[in-house]
Amino acid sequence: MTDFAPSQNPGDTPVSYDPAAIERKWQARWDSQGTNSPDLAKAAQPYYALMMFPYPSAEGLHVGNLFAFTGCDIHGRFQRLQGHTVFEPFGYDAFGIHSENYAIKVGVHPAELIPKNIDNFRRQLLRAGLMIDWRHELSTTDPSYYKWTQWVFLQLYKQGLAYKKKAAVNWCPFDKTVLANEQVQGGLCERCGTAVEQRLLEQWFFRITDYAERLLNNLDGLDWSESTKTAQRNWIGKSEGAEITFAVQDVLEFAGSATASAGVSQEFSVLPTEIRVFTTRPDTIFGATYLVLSPEHPLVDTITSDDERDSVAAYVALASKQDLVSRKTSKEKTGVFTGAYATNPGTGHPIPIWIADYVLMEYGTGAIMAVPGHDERDFEFARQYDLPIVRVVAGPAHTDHSPLGDEAFTETVGCHLVNSGRFNGLSVADGKAAIVTELAARHSATPVVNYRLHDWCISRQRYWGPPIPMLYCDSCGTVPVPEEQLPVLLPQIEDFKPDDSGISPLARHEEWYITKCPTCGGEARRETDVSDTFLDSAWYFLRYPSSDRDDVPFDSELTKKWLPVTSYIGGNEHAVLHLLYSRFTTMVLKDAGFLEFEEPYVKFRAHGLIVREGAKMSKSKGNVVNPDEYINEWGADSFRTYLMFLGPYEEGGDFRDKGISGVRRFLDRLWRSAHDARSDGAVDPGVARKLHQTIKKVGDDVPRLGYNTAIAAMMEYMNTMRSGERTPHVDEVRPLVQLVSPFAPHIAEELWSVLGGTTSVFDAGWPVFDPSLVVEDQFEMPVQVNGKRRAAIMVPKDITQAEAFAVAMKDVGVAKFVVSEPKKIVFVPGRMLNIVV
RNA sequence: GCGAGAGUGGCGAAACUGGCAGACGCACCAGACUUAGGAUCUGGCGCCGCAAGGCUUAGGGGUUCGAGUCCCCUCUCUCGCACCA
């Protein structure tokens with residue numbers, strides 16, 4: 001236990017509240033006494049309070065950051081007061097495009113810039129009084145960290161979960177880099193807003209889709225807010241259906257212009273061609289009146305008839321040029337007929353095959369069976385090109401030939417199949433099963449599950465990231481860098497700007513990428529791409545407890561003790577990607593035998609967003625709150641408490657410049673109360689009652705992040721304690737100092753010591769309420785007549801209905817409305833009385 | 001379009017399983033103390049009304065003794081996804 005000498009002797013002249021002085025004093029003391037650095041190995045009740053680590057921007061800490069961190073800090077401090085050993089580490093997610101672009105803009109190397117930004121962040125965080133264990137601080141840009149990021153990559157590679165493929169990737173012409181699908185927002189680059197182009201490059205991918213089912217199923221058991229789970233479920237996007245094979249009817253035609261021009265002899269195609277489609281509605285097969293291929297579908301050339309070859313070629317060329325923006329924003333559906341027909345395996349009839357860009361190559365098989373009667377997109381397309389629309393599903397009110405009207409009929413519940421041969425009359429669900437069974441028997445259908453989730457592309461053709469630890473050797477092929485050779489250091493190069501070539505800046509440095517093959521000793525070439533920032537943050541929580549260890553990524557004993565993370569708090573903007581990627585990484589490491597758990601975060605809560613005066617904060621609007629200024633003027637304790645007071649933590653709030661004065665007034669009163677408190681005489685019973693109610697309320701609110709109402713409750717107690725200018729008793733003030741401590745830690749330490757505390761207030765535990773004092777023995781009973789409140793009368797809590805009625809009728813305000821014998825009396829004991837006349 | 005959430009005084013917001021709507025705070029008004037001060041303290045503060053009283057939780061309907069809360073319809077806003085078959 002640390003030694004905390006009392007700050008003031010009784011009889012000293014009280015000094016006025018000077019936040020700057022006492023905050024400096026206690027920050028220094030926490031540091032020198034190691035107050036915030038628990039012994040991780042010895043902790044009896046470990047509580048890992050994790051906050052999402054930030055990108056250390058050059059602008060310094062944003063109020064949004066501080067709002068997030070303070071909320072986590074209060075949670076952590078509260079858990080400590082509950083007797084847990086709380087580990088609250090901090091770090092910096094400092095690799096990535098963001099830092100690199102800024103470095104390019106100001107013309108300073110990121111390796112110089114980042115340490116400065118980090119120093120500034122640390123300075124600001126220290127001033128904010130967070131309970132951070134600075135001994136475990138980390139930055140993802142530190143070779144002692146990214147050595148293990150590379151190690152994580154190698155584990156994925158060893159598990160067969162990292163692979164390289166040539167893929168059409170999203171290319172941002174402004175940032176000059178490949179973007180993950182997740183970094184493309186509506187066809188625009190998430191960072192700079194430039195329209196994204198498609199490029200074909202060799203990329204490293206992680207097989208996250210192998211884990212789709214597990215990532216989905218595990219969600220049910222997690223203590224996360226429902227909205228976050230929903231977002232993850234939607235992102236994974238599971239859909240169950242079937243792949244159905246359609247035979248293309250033979251068309252006499254040349255095998256294709258590509259082969260012809262290559263000099264291969266021209267032949268008539270007589271081979272039966274098949275098209276596989278994915279559908280979630282195999283029950284509607286009889287309504288499939290045409291097929292649609294994506295313009296990039298490999299069979300386009302094969303099936304197109306000579307007559308249509310020119311128009312198809314034109315359409316495909318147009319579609320490939322069109323960027324994603326116009327493709328996604330244009331409402332009109334376009335397409336072109338191939339001249340070919342396929343056989344509907346349900347009806348046996350020929351149906352035309354079309355090409356249209358509303359069918360995406362990336363999803364399913366890149367081909368669909370179009371059922372315009374029961375799919376909105378197909379309906380729209382069929383209308384556009386005058387294709388037949390058939391009803392095969394009918395609701396209870398429909399006959400077999402009820403017209404479909406102006407839109408597709410997409411309902412399924414309580415509906416049955418019609419115009420579907422022997423499947424007529426079956427419910428949609430039964431029809432699905434029956435039709436798939438039937439087609440499967442004919443080898444033309446397979447039940448299939450599809451996911452929206454794509455494999456995770458982790459290659460970046462950029463400089464500021466961990467080099468991917470792979471080598472290419474002419475004789476040995478693709479070779480992983482041996483673990484003992486890690487880290488593959490990112491070289492200090494000056495020409496780190498990306499260019500238009502699609503090659504990483506590292507590829508311009510032969511002296512770096514030419515190396516020796518660890519297998520054969522011959523010449524090898526390093527992978528010149530770096531990995532995605534999301535990989536850095538996918539495992540950082542594992543590193544914190546062991547951040548001082550050089551020999552292992554994470555110590556197994558410490559990991560067993562401290563992980564999974566007890567409580568994780570962060571922004572909702574990471575509700576999908578970061579959380580999904582870290583869950584995936586954890587599962588892989590578990591499967592590889594490095595971990596004993598597979599879900600990294602037992603509990604996750606997302607905090608809200610701060611706006612200012614009703615508007616979003618942005619540099620261009622010039623309404624960004626600079627935490628330094630507010631801390632200078634009001635003190636960190638007031639600033640922290642105000643941030644938590646301005647709205648519900650999980651929803652965010654509106655920062656109003658004058659609002660902080662109310663919180664500061666509250667702390668001023670607390671200061672005076674503690675200094676003026678009397679130790680003689682007795683505690684007022686009414687105040688004591690309010691105190692115990694407040695202890696309960698704050699203790700209930702804080703764990704559920706109800707910070708704003710907890711603060712309101714403490715203010716109420718303050719008002720009670722000081723009402724009528726009375727001088728509070730020491731025993732009335734001391735518990736309040738404890739309640740306030742998670743929010744305003746410095747003033748709490750100071751006043752705790754003024755009131756005679758000899759340890760840190762954070763080692764003093766949490767006050768205990770007396771349940772008998774929490775319940776009032778009297779209450780103001782509202783009396784309603786016909787549901788309208790006519791009076792409120794002070795009565796004993798345990799008053800009976802008869803007594804309550806008698807008391808109520810003595811009240812003139814009530815009696816005058818009870819003009820006749822009551823028809824009914826509704827009495828809720830301890831709550832209210834309603835007289836119905 | 002789909003998914004998630006929200007709509008309450010001048011403002012930020014409270015309200016447990018349906019039970020006094022507006023706690024707490026800002027702003028504002030009045031007063032006290034004062035060497036007129038961005039200090040402190042006291043009181044007031046949803047709307048209409050002199051009052052009795054009436055009205056009031058985006059709008060409309062419903063269930064109920066009783067609805068901000070539950071159900072149905074409509075409108076508005078925020079966020080996420082966006083032709084995923």
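Order of the sequence lines sets the chain letters (A, B, ...), proteins ahead of strands, with each chain counted from 1.
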| query | Taking A:Y17 as the fixed residue, which of A:W634, A:W671, A:F666 is the one that meets the ring-ring contact (aromatic ring centres under 6.0 Å, His included) rule? | reply |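 Passing option: A:W671.
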
| query | Picking from A:F645, A:F655, A:Y649, what satisfies ring-ring contact (aromatic ring centres under 6.0 Å, His included) with A:F67? | reply |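 Answer to the ring-ring contact (aromatic ring centres under 6.0 Å, His included) test with A:F67 among A:F645, A:F655, A:Y649: A:Y649.
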
| Does the side chain of A:E213 pick up a donor-acceptor pair with the side chain of A:Y451 at under 3.5 Å? |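 Result is yes, a qualifying pair exists.
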
Under 4.0 Å, counting only non-hydrogen atoms across every strand here, what does [X] touch: a base, just sugar-phosphate, or nothing?
X: A:K823; answer: nothing
X: A:K816; answer: sugar-phosphate
X: A:E780; answer: base

With both distances kept under 3.5 Å, what pairs with [N], Watson-Crick or G-U wobble?
N: B:G7; result: B:C75
N: B:U63; result: none
N: B:A32; result: B:U40
N: B:C2; result: B:G80

| Between A:W235 and A:R583, is there a cation-pi geometry (under 6.0 Å to ring centre, at most 45° from the normal)? |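 Relative to the ring axis of A:W235, which defines the angle, A:R583 lies outside at least one limit.
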
| query | Think A:K797 forms a cation-pi with A:F779, using NZ or CZ under 6.0 Å from the six-ring centre and within 45 degrees of its axis? | reply |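 Satisfied, under 6.0 Å and within 45°.
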
| query | Is there a side-chain polar atom (N or O) of A:S227 under 4.0 Å from OP1 or OP2 of B:G80? | reply |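 The answer is no; no side-chain N or O of A:S227 sits under 4.0 Å from OP1 or OP2.
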
Can you tell me how far the [atom1] atom of [X] sits from the [atom2] atom of [Y], to the nearest 0.5 Å?
X: A:Y707; Y: A:I74; atom1: OH; atom2: CD1; result: 5.5 Å
X: A:K824; Y: A:I835; atom1: NZ; atom2: CD1; result: 14.0 Å
X: A:W354; Y: A:T334; atom1: CH2; atom2: OG1; result: 10.5 Å

Round to a whole Å and report the spacing from [atom1] of [X] to [atom2] of [N].
X: A:I236; N: B:G80; atom1: CD1; atom2: C1'; result: 15 Å
X: A:I610; N: B:C79; atom1: CD1; atom2: C1'; result: 16 Å
X: A:D701; N: B:A23; atom1: CG; atom2: P; result: 17 Å

Would you call [X] and [Y] a salt bridge, taking side-chain N to carboxylate O under 4.0 Å as the test?
X: A:K696; Y: A:D700; answer: yes
X: A:D637; Y: A:R664; answer: no
X: A:D378; Y: A:K333; answer: no

| query | Just one of A:V392, A:V428, A:V371 clears the side chain to side chain contact (heavy atoms under 4.5 Å, CB included) bar with A:D283, so which one? | reply |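 Passing option: A:V428.
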
| said: Of the listed nucleotides (B:A85, B:C24, B:A21), which one gets closest to any side-chain atom of A:A712? | reply: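 So the side chain of A:A712 is nearest to B:C24.
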
| said: Heavy atoms from C-beta onward define the side chain here; which of B:G19, B:C81, B:A4 lies closest to that of A:T230? | reply: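 Within the option list, the nearest is B:A4.
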
For nucleotides 65-68 of chain B, give me every protein contact, N/O to N/O, under 3.5 Å, one pair per line with atom names.
| unit_1 | atom_1 | unit_2 | atom_2 | d |
| --- | --- | --- | --- | --- |
| B:C65 | O2' | A:N834 | ND2 | 3.3 |
| B:C65 | O2 | A:N834 | ND2 | 2.6 |

Dump every N/O contact between nucleotides 9-16 of chain B and the protein below 3.5 Å, one line per pair.
| unit_1 | atom_1 | unit_2 | atom_2 | d |
| --- | --- | --- | --- | --- |
| B:C11 | O2' | A:R656 | NE | 3.1 |
| B:C11 | O2' | A:R656 | NH1 | 3.3 |
| B:G12 | O2' | A:L646 | O | 2.8 |
| B:A14 | OP1 | A:N708 | ND2 | 2.9 |
| B:C16 | N3 | A:R831 | NH2 | 2.7 |
| B:C16 | N4 | A:R831 | NH1 | 3.1 |
| B:C16 | N4 | A:R831 | NH2 | 2.9 |

| Which parts of nucleotides 27-51 of chain B does protein reach within less than 4.0 Å, heavy atoms only, written one letter per nucleotide 5' to 3' as B for base, S for sugar-phosphate only and - for none? | S----------B-SSS---------

